[in-house]
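Before any comments, here is the structure.
As the structure is a computational prediction, the values presented were derived from the model and not from experiment.
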Amino acid sequence: MGSHLHCAHTPCAPPAPTGAKRTLTASGSQPSNGPEPGGQQLKTRTLSGMASKTTTTITPKRIAHSPSLQSLKKPIIPKEFGGKVPTVIRQRYLNLFIEECLKFCTSNQEAIEKALNEEKVAYDRSPSKNIYLNVAVNTLKKLRGLAPSTVPSLSKTSGRRVVSHEVVLGGRLATKTSFSLSRPSSPRVEDLKGAALYSRLKEYLLTQDQLKENGYPFPHPERPGGAVIFTAEEKRPKDSSCRTCCRCGTEYLVSSSGRCVRDEECYYHWGRLRRNRVAGGWETQYMCCSAAAGSVGCQVAKQHVQDGRKERLEGFVKTFEKELPGDTHPGIYALDCEMSYTTYGLELTRVTVVDTDVHVVYDTFVKPDNEIVDYNTRFSGVTEADLADTSVTLRDVQAVLLSMFSADTILIGHSLESDLLALKVIHSTVVDTSVLFPHRLGLPYKRSLRNLMADYLRQIIQDNVDGHSSSEDAGACMHLVIWKVREDAKTKR
């Protein structure tokens with residue numbers, strides 16, 4: 001804007017055609033204040049005539065939205081100590097949102113209000129800075145898609161597309177020239193398929209020591225159908241009728257059927273603890289509500305619940321060897337399970353298996369053996385309606401999986417030991433994304449699948465308020481592993 005005004009009022013020789021075009025833009029957006037001295041007056045009249053002949057090509061919308069962000073009174077995001085996202089980053093994206101909203105909103109006030117709302121939604125949805133950056137990038141792309149000048153074929157976007165930072169920062173030009181928008185939403189495997197991919201993945205299999213230290217189940221040496229876990233066991237109450245709530249840590253009593261003896265609400269935090277820098281040092285806060293460690297829970301449930309998967313290690317089945325034709329491989333699948341709380345503990349309520357093309361090959365809801373006391377919908381995505389007509393049992397699922405897999409089938413998952421415990425399946429040919437992308441502090445800390453997808457693939461998952469999706473999580477694990485194999489292959493060339 002500044003350069004346009006300077007060009008219009010500097011007494012100099014008539015400019016080149018490109019300069020004239022820029023002068024025309026300035027004169028078209030500002031009315032003349034009177035006759036200009038000398039040659040400048042002639043140039044102004046000439047340009048005014050040119051503008052009068054070309055007014056049909058300038059739409060009213062274009063003129064209405066000509067003011068830039070500098071000419072508006074920008075809303076300022078207040079600074080806060082210990083915020084999960086630095087204020088300067090939030091302010092930068094808010095400014096970008098306003099610029100995009102000005103292109104399609106009917107008034108400046110409407111544009112500012114919409115931009116403020118979009119930024120607040122992005123902030124509220126993001127437990128960390130990295131997640132905020134990716135949510136903000138996707139929001140900015142969405143707003144650019146609403147602008148009238150956006151290429152029509154790019155305005156209809158799916159909810160799960162991979163968007164690079166280069167595309168967002170490049171703006172309109174990048175949408176026309178960047179190859180990343182014309183590729184499929186899933187990372188392509190290229191030549192790594194079938195036996196070639198299977199051979200490459202064998203380098204990433206967990207060792208026996210890694211399986212043990214991550215809590216994978218092994219066959220019990222003496223008890224058929226039993227399993228053993230080599231990680232340190234949690235302390236159990238001496239009384240079998242006394243349990244410890246896995247959400248709030250409160251001890252509670254149960255009857256012989258597993259139901260709570262007393263009606264007692266459970267106050268808990270669903271988010272993990274994290275350390276944040278604050279004025280004068282560090283503070284440990286919950287990611288769900290930013291409350292300090294040890295504070296009363298921000299969520300309330302009707303009763304206490306327990307995990308129970310590591311305490312009752314019976315009813316396990318083991319994948320077995322199978323003879324295969326010479327030109328085939330044992331298979332590669334990603335797997336994810338969802339669980340709900342029953343009077344027993346956490347039990348399987350959904351399982352999904354996808355192949356290397358991220359096609360779902362098996363997906364079913366499962367009716368647990370015991371009465372459900374909490375569907376755990378925030379994380380499982382499973383509701384009462386989902387299980388209303390389900391007759392599939394855990395034994396049915398085990399039979400299907402044993403027919404699909406062999407002992408040499410490569411299973412991919414995130415903290416897959418949790419899923420195998422719910423399935424009561426023993427399998428040791430495993431690629432675990434929580435081990436493949438370890439936490440910088442090591443065990444027992446693990447990075448979440450959501451953060452891994454945001455950091456490495458610039459893709460947001462698990463953002464549905466209705467809970468997680470096992471098919472989405474299984475697909476995410478497959479994407480991550482294939483991406484890792486391809487990236488490692490580049491460094492070996």
Side-chain angles (χ1 to χ4, degrees), residues 82-85 126-134 204-217 229-235 244-249 268-278 281-295 297-299 306-307 309-310 334-337 339 346 376 378-380 411-422 430-463 468 473-474 476-477 479-481 483-484 487:
K84 55 187 177 182
V85 181
S126 306
S128 66
K129 183 181 77 172
N130 286 341
I131 298 296
Y132 175 85
L133 289 173
N134 286 278
Y204 300 89
L205 295 177
L206 267 60
T207 65
Q208 289 292 303
D209 288 341
Q210 287 176 320
L211 289 169
K212 290 180 179 179
E213 68 184 10
N214 283 277
Y216 278 80
I229 300 175
F230 290 91
T231 50
E233 295 184 0
E234 300 178 358
K235 294 182 179 179
T244 302
C245 181
C246 61
R247 294 190 291 207
C248 68
Y268 66 99
H269 293 281
W270 59 263
R272 298 180 181 179
L273 283 170
R274 67 177 179 191
R275 295 184 67 205
N276 289 326
R277 187 185 294 275
V278 297
W282 293 83
E283 186 176 72
T284 304
Q285 298 175 328
Y286 288 99
M287 294 177 65
C288 50
C289 61
S290 299
S295 61
C298 60
Q299 301 291 315
Q306 70 158 358
D307 187 324
R309 288 173 297 170
K310 296 182 180 181
L335 180 149
D336 187 72
C337 296
M339 289 149 270
L346 272 179
N376 195 30
R378 174 186 290 277
F379 296 103
S380 69
L411 291 186
I412 298 170
H414 189 78
S415 294
L416 192 59
E417 80 284 354
S418 174
D419 303 298
L420 294 179
L421 286 171
V430 169
V431 177
D432 192 328
T433 51
S434 70
V435 179
L436 199 59
F437 302 91
H439 195 284
R440 61 184 180 84
L441 297 178
L443 291 173
Y445 300 100
K446 292 185 177 183
R447 300 186 65 186
S448 69
L449 182 60
R450 177 185 171 96
N451 282 336
L452 291 179
M453 286 296 288
D455 287 350
Y456 292 102
L457 297 186
R458 299 290 183 256
Q459 189 172 356
I460 302 300
I461 65 169
Q462 300 175 354
D463 61 344
H468 295 187
D473 291 353
C477 291
H479 287 330
L480 278 170
V481 169
W483 177 87
K484 176 68 173 174
E487 290 299 307

Judged by atom type as modelled, is there a donor-acceptor pair below 3.5 Å linking the side chain of [X] to the main-chain atoms of [Y]?
X    : Y    : answer
D419 : C337 : yes
R309 : L346 : no
H269 : S295 : yes
D432 : S415 : yes

Answer whether the closest heavy-atom distance between the side chains of [X] and [Y] falls below 4.5 Å.
X    : Y    : result
Q210 : V430 : no
V431 : L411 : no
L416 : Y216 : yes
S290 : R274 : yes
Y456 : K484 : no
L457 : W483 : yes

State the [atom1]-[atom2] distance between [X] and [Y], to the nearest 0.5 angstrom.
X    : Y    : atom1 : atom2 : value
L206 : L436 : CG    : CG    : 9.0 Å
C477 : L452 : SG    : CG    : 8.5 Å
D473 : M453 : CG    : CE    : 9.5 Å
R247 : N376 : CZ    : CG    : 7.0 Å
H414 : F437 : NE2   : CZ    : 10.5 Å
E417 : I229 : CD    : CD1   : 9.0 Å

Please walk me through it: do I412 and L480 pass side-chain contact (heavy atoms from CB on, under 4.5 Å)?
CA-CA 10 Å; I412 298 170; L480 278 170; over 6 Å; no

Which atom pair, heavy atoms only, marks the closest approach of [X] to [Y]?
X    : Y    : result
W270 : C288 : CE2-CB, 3.3 Å
G215 : L421 : O-CD1, 4.4 Å
G249 : T244 : O-CG2, 3.7 Å
L449 : A476 : CD2-CB, 4.2 Å

Short side-chain donor-acceptor distance under 3.5 Å, T207 and D209
no

Kindly write out the residues that satisfy salt bridge (charged side-chain N to carboxylate O under 4.0 Å, His left out) with R447, not counting sequence neighbours, or none if the list is empty.
D455

